[in-house]
A.B. asks: 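Quick one: structure below, then a few questions.
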Amino acid sequence: MANPAWRLAQRSCPSHLQVVSFPVVQLHMNRTAMRASQKDFENAVNQVKLLKKDPGNEVKLKLYALYKQATEGPCDMPKPGVFDLINKAKWDAWNTLGTLPKETARQNYVDLVSSLSSSLESSSQVEPGTDRKSTAYETLMVTSEDGITKITLNRPAKKNAINIEMYHEIMRALKAASKDDSSITVLTGNGDYYSSGNDLTNFTDIPPGGVEEKAKNSAILLREFVGCFIDFPKPLIAMVNGPAVGISVTILGLFDAVYASDRATFHTPFSHLGQSPEGCSSYTFLKIMGPAKATEMLVFGKKLTAGEACAQGLVTEVFPDSTFQKEVWTRLKAFAKLPPNVSIHLLLLRTLKIIS
Ligand SMILES: CCCCCCC/C=C/C(=O)SCCNC(=O)CCNC(=O)[C@H](O)C(C)(C)COP(=O)(O)OP(=O)(O)OC[C@H]1O[C@@H](n2cnc3c(N)ncnc32)[C@H](O)[C@@H]1OP(=O)(O)O
């Protein structure tokens, strides 16, 4: 089955969204002129058809948006609803371009295709096993000081929804934190939300193998993601600065301590979404709060306040929002100064948590 985002996009820009062969031919562009001609643009549109590797949803949306802007000008379509995922993602991408002139959009499209062709070409020349990942993060802020590595989810405009890139970056940040010289690691969110959970648009990017392949890939990613929390070797603390939804709640059962602002809420609307609880929550939540309360949350989707989550053992302590940052950081800095054998106690406690 073709990717629906591609298919839908094809209706409005039919010539540039099929993936048929490897991009060995470099785009011929008049670089000295600095402005893409109509011919350059058409070449770029054709070049996209030659991409053998799927460039990923984010890039495809950028291409779609720039194509629309270059050919039709600013987006004047009505905004689709939040659950019309594909059309909303496309609308967002196009609308973000605002009043960008058609010529600039054309140039940006040409540049993007050119960089895409080069990067796919050079990626084929990299030795297997070579680490090509950059240390910068697109969706996170990661800092390390006073013995504490702080990983901040950083898509505040999307309520810190976890897109595919963020899943990968969180895993990368955790792996780096496990090896750095900090004693504890903190996960928190930027803006008014801790996290709105899985980015709903993650499920719109259907690969050529169809929904089965998508499900298989998602399961592999999810297993790897959750595994990074299970195996994390240092004390892992969540600072839940605001509402938390879905997977950002379930994995809290794998943290060593959870501090929450009194603005935080905890919501796992899996039944409403036709999904099942993940992140080991059907095990950890049962252990933490007992079967009746776990069922109310995980099956019936009851949203807990921070106070309720604390009473049920999911949250360690709740702080007034006005003093949340100051109080928690003071405490964490003191924890970070504890002797290094804390890891042994931690391991013991985690083991007891599992077998008790
Ligand atoms: C590939 C690996 C797969 C692993 C599978 C793991 C399974 C995980 C499951 C879950 O996590 S289930 C939970 C999924 N999350 C949700 O259902 C939340 C959906 N969002 C909302 O209900 C609301 O947006 C909100 C969080 C209650 C906030 O509402 P509010 O009215 O305050 O703001 P909005 O205007 O709705 O949102 C602002 C902005 O953010 C976008 N957004 C919010 N949440 C998500 C999300 N989860 N995914 C994608 N985008 C999200 C929202 O669309 C708005 O965008 P703009 O319209 O401003 O562009």
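What you see is a predicted model; the values in this text were computed from it and never measured. When a ligand or atom number is given, it counts from 1 through the structure's own listing order. Keep in mind that the numbers below use all heavy atoms, side chains included, and drop hydrogens, waters and symmetry copies.
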A.B. asks: Tell me, which protein residue and heavy-atom name are nearest atom 9 (C) of ligand 1, and how many Å apart are they?
C.D. replies: Q275 OE1, 3.1 Å
A.B. asks: How close do A336 and D146 get, heavy atom to heavy atom, and via which atoms?
C.D. replies: CB-O, 3.5 Å
A.B. asks: Under a 3.5 Å cutoff, is there a donor and acceptor pairing between the side chains of N46 and E42?
C.D. replies: no
A.B. asks: Inspect the contact between R155 and D199 and indicate whether a charged nitrogen and a carboxylate oxygen are less than 4.0 angstrom apart.
C.D. replies: yes
A.B. asks: Have a look at ligand 1 and work out which part of N217, if any, has a heavy atom under 4.0 Å from it: side chain, backbone, both or neither.
C.D. replies: neither
A.B. asks: Tell me which part of I164 gets within contact of ligand 1: side chain, backbone, both or neither, using heavy atoms under 4.0 Å.
C.D. replies: side chain
A.B. asks: Counting non-hydrogen protein atoms only, what is the nearest one to atom 39 (C) of ligand 1? Give residue, atom name and distance.
C.D. replies: A157 O, 3.2 Å
A.B. asks: One thing to verify: whether K102 and E72 come together as a salt bridge, which I'm taking to mean a side-chain N less than 4.0 angstrom from a carboxylate O.
C.D. replies: no
A.B. asks: Among all the protein's heavy atoms, is there at least one whose distance to atom 31 (O) of ligand 1 comes out below 4.0 Å?
C.D. replies: no
A.B. asks: Using atom types as modelled and distance alone, determine if a side-chain donor or acceptor of K214 lies under 3.5 Å from a backbone N or O of N202.
C.D. replies: yes
A.B. asks: Closest non-hydrogen protein atom to atom 59 (O) of ligand 1, residue and atom name please, with distance?
C.D. replies: K158 NZ, 2.7 Å
A.B. asks: What part of S248, side chain, backbone, both or neither, has a heavy atom within less than 4.0 angstrom of ligand 1?
C.D. replies: neither
A.B. asks: Kindly check if the number of other-residue, nucleotide or ligand heavy atoms within 6.0 Å of CD (Q275) is above 12?
C.D. replies: yes
A.B. asks: Applying a 4.0 Å heavy-atom criterion (strictly less than), which segment of D92 is in contact with ligand 1: side chain, backbone, both, or neither?
C.D. replies: side chain
A.B. asks: Do F41 and V113 come close enough that some side-chain heavy atom pair is under 4.5 Å?
C.D. replies: no
A.B. asks: Classify the contact between F225 and ligand 1 as side chain, backbone, both or neither, using a heavy-atom distance cut-off of under 4.0 Å.
C.D. replies: neither
A.B. asks: Is H272 close enough to touch ligand 1? Criterion: a residue heavy atom under 4.0 Å from a ligand atom.
C.D. replies: no
A.B. asks: Please state which part of A161 comes within less than 4.0 Å of ligand 1, counting heavy atoms only: side chain, backbone, both or neither.
C.D. replies: side chain
A.B. asks: Does CZ belonging to F300 count more than 12 external heavy atoms closer than 6.0 Å?
C.D. replies: no
A.B. asks: Looking only at protein heavy atoms, which one is nearest to atom 17 (O) of ligand 1, and what is the separation?
C.D. replies: L273 CD1, 3.7 Å
A.B. asks: Out of S182, S183, S178, which residue meets the side-chain hydrogen bond (donor to acceptor under 3.5 Å, both in side chains) rule with T149?
C.D. replies: S182
A.B. asks: Please indicate, with yes or no, if any protein heavy atom is found under 4.0 Å from atom 35 (O) of ligand 1?
C.D. replies: no
